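Quick note: numbers below take in every heavy atom, side chains included, and nothing from hydrogens, waters or symmetry partners. Owing to the predicted nature of the structure, the values given are computational and were not obtained by experimental measurement.
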Amino acid sequence: MRTRPARPAAGPTATTRSPLAARALAAASALTLTLALALAPTTPAAGAAAAVDLDALFIGAHPDDEAFTLSTLGQWNEDHDVRTGVVTVTRGEGGGNAVGPEEGPALGLLREAEERSAVGKAGIGEVFNLDDVDFYYTVSAPLTDQVWGGDTLEKVVRLVRTTRPEILLTMDPAPTPGNHGNHQEAARLAVEAFYAAADPKRFPEQISREGLRPFAPARLLTGGARGTSQPGPGCASTFRPTNPAQNVFGVWSGRPSPSRGKTWAAVERDAQRVYASQGWAGFPDVPTDPAQLTCDFFTQVDARVPFPEPGTPAAAAPTAILDGALTRPNGSAPLGTRLSLRTSTFDVRPGTPFTVEVTAQAPPREPLGRSSIALRLPEGWKAGPANANDTQATGPASTPGAQADTTNTPDAPAGTPASAAGSPAPADSSSPGSSRSVTAPGTIDLGKLSAGRSGTATFTVTPPSQAPLGRARIGAVLTTERGGGYTDRQVEVGRSVRAAQQPLPQVAQYEKWTGEVGVPQLRGLVTPVLTLPSGGTRQVGVVVTNVSDTPRSGTVRMDLPPGFTADRTEAPYTNLAAGASTTLPFTVTNADPTLKTSNEGGDYTYTLTTTAEDGTTTSRPALELVPATSVPRASAAPTVDGAESAGEYGGTALDISRLWEGTACSSAADCSGSAKLTWHDDTLYVLVHVRDDVLGTRLAASDCKRHWRTDSVEVTLDPRGTSENTSTTFKTAVLPVTAEGPPCHLRDADNRQGPGEETAPGMRVASKVSTGEYTGELSIPMEVLPGAVDPAHLGLNILVYDSDTQDRTGQTRIGWSTWGGVQGDPYRWGVATLPGYQPPPGRPTTPPAPIIPNTALSSLDSPQSLEQSVRVHVPPSGPAAPPTQTAHAVSASATRDAVRVTLRTTSRGEAHLFVRDTRGTAGSRVITIPTRGTTTVTIPLSRTLATRPTVVTGWQAPNGGTAASQVAVR
């Protein structure tokens, strides 16, 4: 951390910056020789080089994921010298490119350069890439986890242990509609790393072999929040969370930057425009009136240190997220104080006691003196000490990492999740800090807490018998001779039995994850929804769970909105065992097919009422209508010529004019469309007519990919209508015109991506383009679909991408079944039936394994990453190469058309060398070194060298470890 004092904030929450660096620097200086040699500089160092010490770390999936937090990160850097790093799991190689033909690794280099330039505007110098593959857009975290593999968490934990940030920031981990599955997975990795990095039992080889130490970040927050707020400087104080027990902090973007001469919102917008490859260069200016500017919001997941109490001025201050971890408000406990609260259960019941344990620990080198804990509870709740003997003051553990939550050495981990928290260590009755007594009802005296010592207060808390159901906040206030502090935790008040509409597969997987990781406060973020075809019927399961310790019986009643009916309104459950679940089936029908579908209809919310012996509960899930159609059989195969001839398509025309993303069409002439379908033999035929007054960029036929960059039509097919993600579907796109003239087609984000001729053999496309409109026609052999079609439930969607510019960016997306992110959500596609169709005998119903592109750029092939590695002493995307398998450049000299580099190696391995100067890369070479010793390598130059030339070298050791070094060119 930085040692420059923070600038005081205005008002009663003035803060001072105190150097907590001692703990982190001590750990960094203790890194083994392994790290020092792996990152050896030009001249071998006399001792180990300390890795960069960060204050905050943002963990995202792609370059630009951090782009909407840069207002906050920039303020922290300018006002409080907060040093932030950004972790990017992928380099975005699977995304589009609005500025050139680069794709794959070349696009990864481009996007990495954009990110480094963008975050630099907020004072951020370190971007750590994990080298996982960026594949197509998906809303599936399970698919992302499958593709990224099992080592990504290990890489995140290594970075946390290496850079030791007090604050972790990340994205939304929940499968909320449209939330990118890569974003979900990156956030889940951050949450898991918050706990795993502190646990010496997780990835122990990082400790035993790599010389790292467990590290416990102080606070964990996700970007964004669920709730409402007013714009302007009061945006943080006026925020009202949907869940009142959540801790949400806001940082106003309208504050001016003294060094930049503009608001931080404007600085952030300048940074976002750097992402030109993603079409962001044309982002409009932000409002010049600060009163129209809003906050960046962050939702706290967990904390190991005191933080501002909700509702106080400190909680609305720009430093609210830093306080307790990096800044110290007036009157608060010293930096380095640890404070945590754990409950014996997350699910609590009215009238039933549960246990609350609060642990406070003094900083490693500063006493807190006489200290006590008092609880903050909802109105009507009661608390008292569980037992006076449960109050403890403890000293450092003798075993490294033992009792990580309650007893710490200065460098030991602190604060495991509730599910993993251990019991407090025995008190040392001979120590000055061991005295304990109950000073008042609801308040427990911890005695004197000397430097590094901790005390634990245990309370019995009882909600009233009529406590409101839902989330509640359990808070604790620490009072010491050196200042105070606050912490809290959520619980959920409920009856003995709860019932919920059956979750979607990805939601069920997410809810299971929250339990496995020990973050029940993150569950329930997704409104339970199921889709139903317009005018159709489906079974809706209601999952009933007994959370009590005795068998229960009762009923579940379903009250549907107008236009929906069920085969029964009430169903019983009997003698449901403690901890058990059962599913009660209801058959639900959309009895009014005139109801609006898709996002025009939205959620049709209904009520589930569950009774049990101890009372009644209600929940409000929803049904969503998707459009449905019947595809008629053609008497003869249509001619695929881009026009509709008489009798070719006998079915009803589908309206594909509904907006699902982007700017609304200004008129029907701007963008609108219709589609018709038919089938003949084993082939599906699709005719799409689009009104479009301005054609987008005419891409070259060789650039027939990333179809959302220009005008295109996408047809999506889920053969059996049951896919969890698009890896088991067929998605094809047609560009109605190319630079050469004829249309082109491709497959994207599905079971097998690539040029249509290769990935969908036998498929034909045609188009006709005229002023203000175009027509596209497709024939799709159903044998190319990933599995046999279920003629009663074919998932279908037709989507139109509209671009009115020539800069390879789209503005509007319309279609048939329309929801945000619907291109990645098969369950929200429409439903088609094919009366009379039967797939050929023997065609498999199980889809083949998906083909996922593997275009990830290695950090060893990124000179930007290698230069950073040398600068901050963090190995490039992996463990440091051990001293016995490392290498570094010792000298370099230039000739007219080449640079000669001398490498010194301690083993065989692979060297990645780049000649760099003020203009960029002037030459590169990858070479295998067969043995240890000194090797001279010649790197051909692609151009004349500019000023300050260097050679930066990445090294791949035989065991997978990496190293980086840099040497000036003579």
Side-chain angles (χ1 to χ4, degrees), residues 629 631-651 653-654 656 673-690 695 698-707 710-719 729-770 773-789 791 794-801 816 832 834 837 839-840 843 851:
T629 191
V631 180
R633 180 177 187 173
S635 57
T639 301
V640 181
D641 56 3
E644 179 181 6
S645 300
E648 282 189 318
Y649 293 87
L654 308 182
I656 58 172
S674 62
K676 291 185 176 182
L677 294 91
T678 191
W679 66 272
H680 181 77
D681 291 339
D682 197 34
T683 301
L684 184 70
Y685 296 85
V686 185
L687 182 84
V688 181
H689 179 72
V690 178
L695 282 178
R698 292 183 179 233
L699 299 175
S702 61
D703 196 21
C704 190
K705 56 185 178 292
R706 317 291 195 264
H707 58 280
T710 190
D711 294 319
S712 62
V713 172
E714 183 175 31
V715 177
T716 73
L717 300 169
D718 181 6
T729 70
F730 175 93
K731 296 179 64 189
T732 187
V734 175
L735 277 61
V737 65
T738 60
E740 294 84 354
C744 69
H745 65 291
L746 65 139
R747 287 179 65 178
D748 174 73
D750 67 351
N751 191 252
R752 183 187 177 195
Q753 308 91 52
E757 294 80 6
E758 299 174 11
T759 59
M763 179 176 165
R764 292 177 295 153
V765 300
S767 70
K768 288 190 176 180
V769 180
S770 57
E773 62 183 3
Y774 64 86
T775 300
E777 192 169 15
L778 306 76
S779 68
I780 304 172
M782 285 189 266
E783 65 179 352
V784 304
L785 272 59
V789 166
L794 170 66
L796 166 71
N797 214 350
I798 299 174
L799 305 169
V800 177
Y801 296 76
W816 185 47
L834 281 66
Y837 172 78
R843 182 170 291 170
I851 297 174

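The neighbour count for Arg698 CZ, taken as heavy atoms of other residues, nucleotides or ligands under 6.0 Å away, does not exceed 12.
Under the 4.5 Å side-chain criterion, counting only non-hydrogen atoms from C-beta, Thr759 is not in contact with Leu746. Side-chain contact check for Leu717 versus Thr729: every heavy-atom pair is 4.5 Å or farther apart. Under the 4.5 Å side-chain criterion, counting only non-hydrogen atoms from C-beta, Asp682 is in contact with Arg843. Side chains of Val737 and Asp711 form no contact here, defined as non-hydrogen atoms less than 4.5 Å apart. Between Tyr774 and Val688, the closest side-chain pair of non-hydrogen atoms is not below 4.5 Å.
Between Glu648 and Ala634, the shortest heavy-atom contact is O-CB, 4.3 Å. Closest approach of Thr678 to Pro632, counting heavy atoms only: OG1-O, 2.9 Å. Listed here is the closest heavy atom pair of His745 and Cys704: N-SG, 3.6 Å. Residues Asp748 and His707 approach most closely at OD2-CE1, 3.7 Å, considering heavy atoms. For the residue pair Ser712 and Pro736, the shortest heavy atom distance occurs at CA-CD, 4.2 Å. The heavy-atom pair separating Pro761 from Val784 by the smallest distance is O-CG1, 3.5 Å.
In this structure, Leu735 CG and Leu699 CG are separated by 6.0 Å, a value rounded to the nearest 0.5 Å. The OH atom of Tyr649 sits 8.0 Å away from atom CG of Leu677, with the distance rounded to the nearest 0.5 Å. The line from CD of Glu757 to SG of Cys744 is 8.0 Å long, rounded to the nearest 0.5 Å. Atom CH2 of residue Trp816 and atom CG of residue Leu799 lie 11.0 Å apart, to the nearest 0.5 angstrom. With rounding to the nearest 0.5 Å, the separation of CZ in Arg633 from CG in Asp681 is 7.0 Å. A distance of 8.5 Å separates CZ of Arg747 from CD1 of Ile851, quoted to the nearest 0.5 Å.
Taking the centre of each ring, Tyr685 and His680 stay at or above the 6.0 Å mark.
Within the 3.5 Å criterion, the main-chain N or O of Ala700 finds no donor-acceptor partner in the side chain of Glu740. Thr683 places no side-chain N or O within 3.5 Å of a backbone atom of Ser779 that could act as its donor or acceptor partner. Asp641 places a side-chain N or O within 3.5 Å of a backbone atom of Ala643 that can act as its donor or acceptor partner. Counting only distance, with no hydrogens or angles, the side chain of Glu644 and the backbone of Leu687 share no donor-acceptor pair below 3.5 Å. Here the side chain of Glu773 pairs no donor or acceptor atom with the backbone of His689 at under 3.5 angstrom.
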Is there a side chain to side chain contact (heavy atoms under 4.5 Å, CB included) between Leu834 and Met782 once you walk through the steps? CA-CA 12 Å; Leu834 281 66; Met782 285 189 266; 4.2 Å; yes
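Using a cutoff of 4.0 Å between basic side-chain nitrogens and carboxylate oxygens, Asp750 and Arg752 are not scored as salt-bridged.
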